[in-house]
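Here the structure comes first, spelled out in structure tokens, and everything after it is commentary.
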Amino acid sequence: MNFEFSEEQHLLRDQARALLAEFCPTDTVRAVLDSDNEWDQSLWERVADMGWTATVIPEAYGGLGLSHYELAILAEEMGRSVAPLPFSSSVYLASEAILAFGSEGQKSEWLPKLASGECVGTVAMWERPGALALEQLATRRLGDTVSGVKSPVPDAGVADVVVVLAHSDAGLEACLVPMDQAGVQQQCVMTLDGSRGHSTLTLDNAQAEVLGHNTIEPSAWERLIDGAAVMFAWEQLGVAESALTQARDYALQRFAFGRAIGSYQAIKHKLAAMYVKNTLARSNAYYGVWALAENSADLPLAAATARVAGIQAAAFAAEENIQTHGGMGFTWEFDCHFYYRRAKLLSLVIGSEAVWQDRLVSGLTHQPTVAM
Amino acid sequence: MNFEFSEEQHLLRDQARALLAEFCPTDTVRAVLDSDNEWDQSLWERVADMGWTATVIPEAYGGLGLSHYELAILAEEMGRSVAPLPFSSSVYLASEAILAFGSEGQKSEWLPKLASGECVGTVAMWERPGALALEQLATRRLGDTVSGVKSPVPDAGVADVVVVLAHSDAGLEACLVPMDQAGVQQQCVMTLDGSRGHSTLTLDNAQAEVLGHNTIEPSAWERLIDGAAVMFAWEQLGVAESALTQARDYALQRFAFGRAIGSYQAIKHKLAAMYVKNTLARSNAYYGVWALAENSADLPLAAATARVAGIQAAAFAAEENIQTHGGMGFTWEFDCHFYYRRAKLLSLVIGSEAVWQDRLVSGLTHQPTVAM
Amino acid sequence: MDFNDTPAEARFREEAVTWLSHNVPTDDAFWALTPLEQAKLWQKRKYDDGWACLGWATEFGGRGASPIEEVIWRQEEARYELPTNFFLIGQGMIGPTLMAWATADDKARYLPPLASGEEVWCQLFSEPAGGSDLAALRTRAEPDGDDWIINGQKIWTSGAHYADYGVIVVRTDPTLPKHKGLSYFYIDMRAPGVEIKPIKQLTGDADFNEVYFTDVRVSDRQRLGEVGQGWQVALTTLMNERAAIGGGIGKMDVDLAIAIAQDVELDGQPAIDNAAVRTRIADWYVQEAGLKYTGYRSLTALSRGALPGPENSIGKLVGAPKMQAMASFLMDLLGASGAITDEALAVKAGIIQRAYMGAPGMRIAGGTDEIMANIIAERVLGLPQEPRLDKGIPFTDVPTG
Amino acid sequence: MDFNDTPAEARFREEAVTWLSHNVPTDDAFWALTPLEQAKLWQKRKYDDGWACLGWATEFGGRGASPIEEVIWRQEEARYELPTNFFLIGQGMIGPTLMAWATADDKARYLPPLASGEEVWCQLFSEPAGGSDLAALRTRAEPDGDDWIINGQKIWTSGAHYADYGVIVVRTDPTLPKHKGLSYFYIDMRAPGVEIKPIKQLTGDADFNEVYFTDVRVSDRQRLGEVGQGWQVALTTLMNERAAIGGGIGKMDVDLAIAIAQDVELDGQPAIDNAAVRTRIADWYVQEAGLKYTGYRSLTALSRGALPGPENSIGKLVGAPKMQAMASFLMDLLGASGAITDEALAVKAGIIQRAYMGAPGMRIAGGTDEIMANIIAERVLGLPQEPRLDKGIPFTDVPTG
């Protein structure tokens, strides 16, 4: 039995945590939240310099060719520090989509730039409220252009290239659309979590190149999203751990009626419940990354399990961390709301809890799934 | 605003509570549970003498012609005392079915005997595991006989007459079947709650008379069950109140680490949560009985709301009452398990929580329902 | 059982309805005012015709109405969207305190303009170090001739920036046990040395303030109750708190949930047909209807002359977490769009997201979930208090971490 | 990351598998024995070949195996349905206590027959007045020459009726504070004055006993630790408790839930297609898989030489309420049939109903949900204990209600 990261992987975690503690303290998050910025560009450059954006991209395309174990470690630290970065959009989604579906030429063109962080990528899936139904997308690809409205698209305001999910007469396609063109109109959209940017993209005969010059099976897209779900689960775990740590520290230091509030069972049991959910989320995230890294047939089940556990742990820890702080937790000055905002954002970005609970049971009973 | 029982109704409650405290202490329940008895017959006779079995039966048929407000009060006390009686089967179900669907002759024949308690009635609906689907019953009525297997049938071992739900070529019918005949085979079935009797009834060309000599609309049967659901909600509330009272008394009297366990927040907040659920259940039960007594169009919604609230309150209070007692709560000698058994039994008897949650939302959105 | 007014109640309601229909401002000039100006204008109009602070004695500007009449008035007034929040704390909590503890002269001077809305009051109790432990306050008042000099800091003060007067609890003797060394004063919010700083909440709004006191001079005549009796006076104020705060969970209800669930799809069909969605909606309706009919039962008791009790804590204890859970779930139903807060783009103009951001505050203000559960456990069920380590020891010796 | 054994672990597993395949009893004669006889026969066979109490030193009848080897053995042995529960408390909790506190002579005398199953031990700690407050015990031992005379009552003693020996904590000085006046002895369960009465549980079974002591004479040589040191000795026993009890939630798992949900209908379709059912199953699977992989992580740590810690409390804290909720929900899916407990008639021979009736006990035995949460809060998260009103005061003065 060796259900643990390796020494080297633990070293990577230490390194990542130290770097983010230094260059992404919560002031960094607050600065983005308090401004119109959509990211902290200098932090992005630092992260790219470390090679984090290159982690799982093969060496042939300028990447480090490491495994998803390493990426999972970075994802957790991204969540822990609530980093104001387009890391998930560019790394878990855009890079992975190009790697999975791109032609050799497309991979050679884009992956080195995404690996180096010189380009930021994102994926445009959503069009309207409700669960995402791949077979009902209104965005159309005709010839070498694509038209439609995608919203919200995370990090589009800082992206260079966007992978747009669309239909052509042939079926579902993922289209590479460079942002810098007249056919793409980008308009900022405010969300819960102002430390990350979101946009509405209006595509009006935008120049587009179909990834792999072919349609993709919905199940192949779902395989991609399963992989991203594992990474998001690690990021959610990081958020949950930060919220628990903050709550615990406050409970030890804050006194009421002559004793630390952490000595009251109401607070103790609340924090114990957070610990339990975080532990379940962590163990399920291990299971998820194992299935992803080993390309196991268990991936759909493991990814859904990790995702549901991550959603539940992050939401609970973020909500109850505020409660543990009482009135202080409801102020702008305390950092509690960063976790609250990010936890909810992450729970929505690739389909929400009910959708993944359904996918989980499909994984258990081996039924196909359709919605996200 | 007069959302409260009348003075007379409060007097009835006091009287009922005093009588059951005297003649149905928990020893009475224990005696039935510890034996092969299916009821406490002398208690039944006492209850019948008080006229409780006659409450809502019109005076023309030997009843008291009172309203469901009075019956609700009695139902709560039945639950509070975990009475080992076929009260719900005979009063909320059999009597109401005959009243709703019987011909004049059938009503004149059976209602006076049910009102006086000289006869016990019950209703046989269930045939197999799963939600009850009225359109899928296998029991058939042909000519003046009915055949099929019904299980579990509550209180059939002590019943004189059973209303059997069956299909004929014409549709859904409720058939009056006297128990005392060769065509009815009754076999006891053990359930969770041994203080109440249950049976499998094998009907082999049993003599049967169709209530009202006609089919009934499924919606009319559901109207009947809605009424019963309100009464069951009151009974569940009684169970929940007893469990809370027992837990509170124990928490005040039991000391650990030099203080009453009721001074620990874990116990305090557990009991507060019981109180909250019981209060919601009580207020929704008021709403239910108002809708039933006033024959409001709100009945389907009000009944489902009362039923779901009653299920939730009784289950929570019964489960957490045991936990409040620690190891003592898990012994045969303490009464905690009576509430645990009865709460679960009542939650299953006319369709369980998920079914009623569904009906509730149908009530809110005015959709028809089919299952139970 | 019925939902109807008694004949007397019906007559009163009729009178209220008629007066409202003639007096609610509808002109553009009114709507051009600031909310505070609107509130003051409307309050004064009510006061002039005897519809302000209905339960107060007429000598203080009220009408001497019964509790059920007050409820009927609130129901009818609530049919119009009028700003009334500005006076809740002053009229709901501080008015009753003045009635109980102030001199006859002060009552005559301060109560009528409080009822008419001409003077607004705020409450200065909470402090940064206190939290749920209100009596742990550190703001000091030291005697100086016939006056007292106040130094310290208060927090979570609603309306400090527009209030004319405030009531404050301060420590006048730190060598006594926590609850014993306190005194209670009313103060002029514009006195020299009073400095008000808004607190930005996690929603981005600023409904509360920090208030700093630097050598603020207060006459001993502004003291309510004896020196050292401040905690008892404060309890009078707090006893009226839940009546003043209550309600106000906003329009995050089952109707909204159904509307959303009918609008969006889940698993290829309208979300309202999804059993998991139905289960959640059913549970919320059980809570919503349960609270509604609990309210009807309380009204019935009021109508029969009972006083409101601690049972009312359940409204907030159930309603605030429900609001959070419901908002979270409805955002989930919207998918990625659920994160959008732009009023112009968000479903239902973003009220769901605002509810989600506001819910943590609802679960805290006026007592956290845990405090509410304590109140039910202790004051309704009669369970004992937690052991108190700070009881009877000098305030200066109480551990503070 | 992989789920494979290291080469050394694989060799050990192979050895265990081979031995088991040759030695597990399969003959009818074995199955005709009572469960206790079966357990003793099987334990002796393991002992003779060095497969009993693997972690113990060979001089005490063990094998000196590593923790991970113990786990591998348990995994392989668990593939066979063999009775081993009878020895859990003796070997898991009392053996380590004897090793830490007994004399060399006593270790040589008692440990090998404990390992071989020839002598069974039970643990006599809990008392009727105690509950979670174990040290509040009242059973007295009074000195009488070189002996002690024990009077009092114990409760919740598993296996008292078939045990040969027991360990007991008694109060030897009631004038000292609660934890200080205790001493720890081992006793002969067949000594005169020991009376054993089974406790009927709410399930109708009787796994536990009350044990009454009337002038039971015990030699001072049977004392473990000093007079007054009983609580420390008891802690050694209790520290090993969760290792001994753990697991055993039974086959109430997601596989069963899916099987039921595929079998029955809800809303006119198989219940497994119902979103509300799927949501519940998904949540349980998150818990089940989470616990499973937490176990794998712990095993990995063991394999690398770590010791098991208080983190293991989460197994019971999650598993027991889950068992109750799942059993309740599956009964709901069965409709009225869900109440049936007759093995011949009930779905899955009534295991769901048995689980529902047994779950409250699972949530209590070995520490209630609340105690488990305290352990996590205090020992994992480092939060402070509740204030202790009984600390330092004579036991006779501690309030008992």
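- Using a 4.5 Å cut-off on side-chain heavy atoms (C-beta onward), A/Tyr286 and D/Thr294 make no contact.
- Both the backbone and the side chain of D/Glu386 come within contact range of chain A, each with at least one heavy atom under 4.5 Å from a heavy atom of that chain.
- Between A/Tyr287 and D/Tyr293, the angle of the ring planes stays under 30°, which puts this pair in the parallel group of the 30/60° scheme.
- With a 4.5 angstrom heavy-atom cutoff, A/Leu280 touches chain D via backbone and side-chain atoms both.
- Between chain D and the options A/Leu244, A/Thr305, A/Val289, heavy-atom pairs under 4.5 Å are most frequent for A/Thr305.
- Between D/Tyr285 and A/Leu301 the shortest side-chain heavy-atom distance falls below 4.5 Å.
- Neither the backbone nor the side chain of D/Arg280 comes within contact range of chain A; no heavy atoms are under 4.5 Å apart.
- Interatomic distance, A/His269 NE2 to D/Met372 CE, rounded to the nearest 0.5 Å: 11.0 Å.
- Contact check for D/Glu370 versus A/Gln265: no side-chain heavy atoms found under the 4.5 Å cut-off.
- Under a 3.5 Å cut-off, the side chain of D/Arg278 and the backbone N or O of A/Gln357 do not form any donor-acceptor pair.
- Only the side chain of A/Gln312 comes within contact range of chain D, judged by heavy atoms closer than 4.5 Å.
- Proximity to chain A (any heavy atom under 4.5 Å) is restricted, for D/Asp273, to the side chain, taken from C-beta onward.
- Between D/Ile376 and A/Val276 the shortest side-chain heavy-atom distance falls below 4.5 Å.
- When D/Gly382, D/Ala373, D/Ala377 are compared by the number of non-hydrogen pairs under 4.5 Å with chain A, D/Ala373 comes out ahead.
- In this structure, the side chains of D/Pro384 and A/Arg259 stay at 4.5 Å or more apart for every pair of heavy atoms.
- With a 4.5 angstrom heavy-atom cutoff, D/Leu317 touches chain A only via side-chain atoms.
- Between the OG atom of A/Ser283 and the CD1 atom of D/Ile314 there is a distance of 7.0 Å, given to the nearest 0.5 Å.
- Rounded to the nearest 0.5 angstrom, D/Leu383 CG and A/Ile267 CD1 are separated by 9.5 Å.
- At a 4.5 Å heavy-atom cutoff, the contact between D/Gln287 and chain A is made by backbone and side-chain atoms alike.
- By the 4.5 Å heavy-atom criterion applied to side chains, A/Thr279 and D/Leu291 are not counted as neighbours.
- In this structure, A/Asn284 contributes its side chain and D/Val286 its backbone to a donor-acceptor pair below 3.5 Å.
- Contact tally against chain A (heavy-atom pairs below 4.5 Å) for D/Ile281, D/Asp2, D/Val71: the top residue is D/Asp2.
- Heavy atoms of A/Ala354 lying under 4.5 Å from chain D are absent altogether.
- By number of non-hydrogen pairs under 4.5 angstrom with chain A, the leading residue of D/Asp283, D/Val277, D/Asp369 is D/Asp283.
- For A/Phe5, the parts sitting under 4.5 Å from any heavy atom of chain D are the backbone and the side chain alike.
- Side chains of D/Leu381 and A/Lys268 form no contact here, defined as non-hydrogen atoms less than 4.5 Å apart.
- Neither the backbone nor the side chain of D/Ala275 comes within less than 4.5 Å of any heavy atom in chain A.
- For A/Thr365, the part lying under 4.5 angstrom from a heavy atom of chain D is the side chain only.
- In terms of non-hydrogen atom pairs under 4.5 Å with chain D, the most contact-rich of A/Ala281, A/Gly262, A/Ala309 is A/Gly262.
- Going from atom CZ of A/Phe3 over to atom OG of D/Ser298 covers 11.0 Å, rounded to the nearest 0.5 Å.
- Rounding to the nearest 0.5 Å places CG of D/Asn4 at 9.0 Å from CG of A/Asn2.
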